[in-house]
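Read the structure below first, then the notes.
Because only heavy atoms are used, hydrogens play no part in the values below, and waters and symmetry mates are left out as well, while side chains stay in.
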Amino acid sequence: GLKAMKYISPTAVQKRVLPAALAGRDVLCAAKTGSGKTLAFVVPVLEKLTEEKWSARVDGIGALILTPTRELALQIFEELRGVGKKHRFSCGLLIGGGGRKALEEEKSRAGSLNILIATPGRLLQHMDETPYFDCNVLKILVLDEADRILDKGFRATLDAILENLPRGSRGGDGRQTLLFSTTQTKSVKDLARLTLSDPEYISNHEEASMPTP
């Protein structure tokens, strides 16, 4: 899958995130746009479910990727679909829009998918309204662009979502959490304390004026 997407050598961010993430560590990473951070969490998501011998048909939601906008969710979906083309996990988007018909179509499938890419509001709507939708066996949670989510006032929504997820665990039995932001603000650190367990802190050119190429 990586070769098909023409990924040969890891970026600086990937070199630092992947060893920690693949070892099961929680990660809090500050990295600029263009640094390759999407692949830095897509690979651990696929590896985690592979290691867990996740069954596409019976095991339910194993990975959840939260992102603030529909556009980012679609980009992540395309990356995941390309790199994970040889895997059999089912993956879907919960991103709002499309009216009531789209919501009902999502409801019929959401609980049976293995990997969900979602915007916070839409995800919480399903947690509240969709029968048999639960994330009780979730193995890995990714928050992408976490600083933007907080800036847009999603903090209460995130708190409600986290209440419906299994807690992280240093012993390896709970969920693993990977949190990515473009800046490492105090509010993101506050969120990290709620969701991460002894995290690995990674900052790549955080103070640079230009995006990482």
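We find the CD1-NZ distance between Ile202 and Lys37 to be 13.5 Å, quoted to the nearest 0.5 Å. One distance of note links NZ of Lys107 with CZ of Phe133; it measures 11.5 Å at 0.5 Å rounding. A distance of 11.0 Å separates CD of Glu145 from CG of Leu179, quoted to the nearest 0.5 Å. Expressed to the nearest 0.5 Å, how far CG of Asp26 lies from OG1 of Thr177 amounts to 4.5 Å. Rounding to the nearest 0.5 Å places CG of Asp59 at 9.0 Å from NZ of Lys139. Of the inter-residue distances, the one linking Leu66 atom CG with Ile149 atom CD1 reads 6.0 Å to the nearest 0.5 angstrom.
At least one side-chain heavy atom of Leu103 sits under 4.5 Å from a side-chain heavy atom of Glu129. A 4.5 Å side-chain heavy-atom check between Thr119 and Leu94 finds every atom pair outside the cut-off. At a threshold of 4.5 Å between non-hydrogen side-chain atoms, the residues Phe41 and Ile76 count as touching. Two residues are said to be in side-chain contact when any heavy atoms from C-beta on lie closer than 4.5 Å; Gln14 and Leu39 meet this criterion. Looking only at side-chain heavy atoms (C-beta outward), Leu123 and Ile161 come within less than 4.5 Å of each other. Put simply, the side chain of Arg175 does not reach to within 4.5 Å of the side chain of Cys135, judged on heavy atoms. Residues Val142 and Val45 have side chains in contact (heavy-atom distance under 4.5 Å, counting atoms from C-beta outward). Under the 4.5 Å side-chain criterion, counting only non-hydrogen atoms from C-beta, Cys29 is not in contact with Leu178.
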- prompt: Taking it one step at a time, do Arg81 and Glu78 satisfy salt bridge (Lys or Arg N to Asp or Glu O under 4.0 Å)?
  reply: CA-CA 5 Å; Arg81 192 165 65 170; Glu78 290 303 319; 3.0 Å; yes
- request: Apply side-chain contact (heavy atoms from CB on, under 4.5 Å) to Arg148 and Thr69, showing your working.
  value: CA-CA 9 Å; Arg148 289 181 62 187; Thr69 68; 3.6 Å; yes
message: Could you walk me through whether Arg122 and Glu106 satisfy the salt bridge (Lys or Arg N to Asp or Glu O under 4.0 Å) test, starting with their C-alpha distance in whole Å, then the side-chain angles of each, then the deciding distance to 0.1 Å, before giving a yes or no?
response: CA-CA 10 Å; Arg122 189 64 151 202; Glu106 287 178 5; 2.9 Å; yes
- prompt: How far apart are the C-alpha atoms of Leu80 and Ile115, what are their side-chain angles, what is the distance that settles it, and do they pass the side-chain contact (heavy atoms from CB on, under 4.5 Å) test?
  reply: CA-CA 10 Å; Leu80 188 59; Ile115 303 171; 3.6 Å; yes
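A donor-acceptor contact shorter than 3.5 Å links the side chain of Ser35 to the backbone of Lys32. Using modelled atom types, no side-chain atom of Trp54 and backbone atom of Ile61 make a donor-acceptor pair closer than 3.5 Å. Although no hydrogens or angles enter the test, the distance criterion places a donor-acceptor pair under 3.5 Å between the side chain of Arg16 and the main chain of Ser203.
In this structure, a donor-acceptor pair under 3.5 Å is absent between the side chains of Thr157 and Arg155. Side-chain N/O atoms of Asp147 and Thr182 include a donor and acceptor closer than 3.5 Å. With no hydrogens or angles considered, a side-chain donor-acceptor pair links Asn114 and Ser90 at under 3.5 Å.
For the side-chain contact (heavy atoms from CB on, under 4.5 Å) test with Phe180, the passing option among Thr67, Thr38, Leu143, Asp144 is Asp144; the others fail.
Scored by the side-chain hydrogen bond (donor to acceptor under 3.5 Å, both in side chains) test, Arg100 finds Glu104 as partners (sequence neighbours excluded).
Clustering ILVMFWY residues whenever any of their side-chain heavy atoms sit less than 4.5 angstrom apart, transitively, puts Ile95 in the very cluster that holds Phe77.
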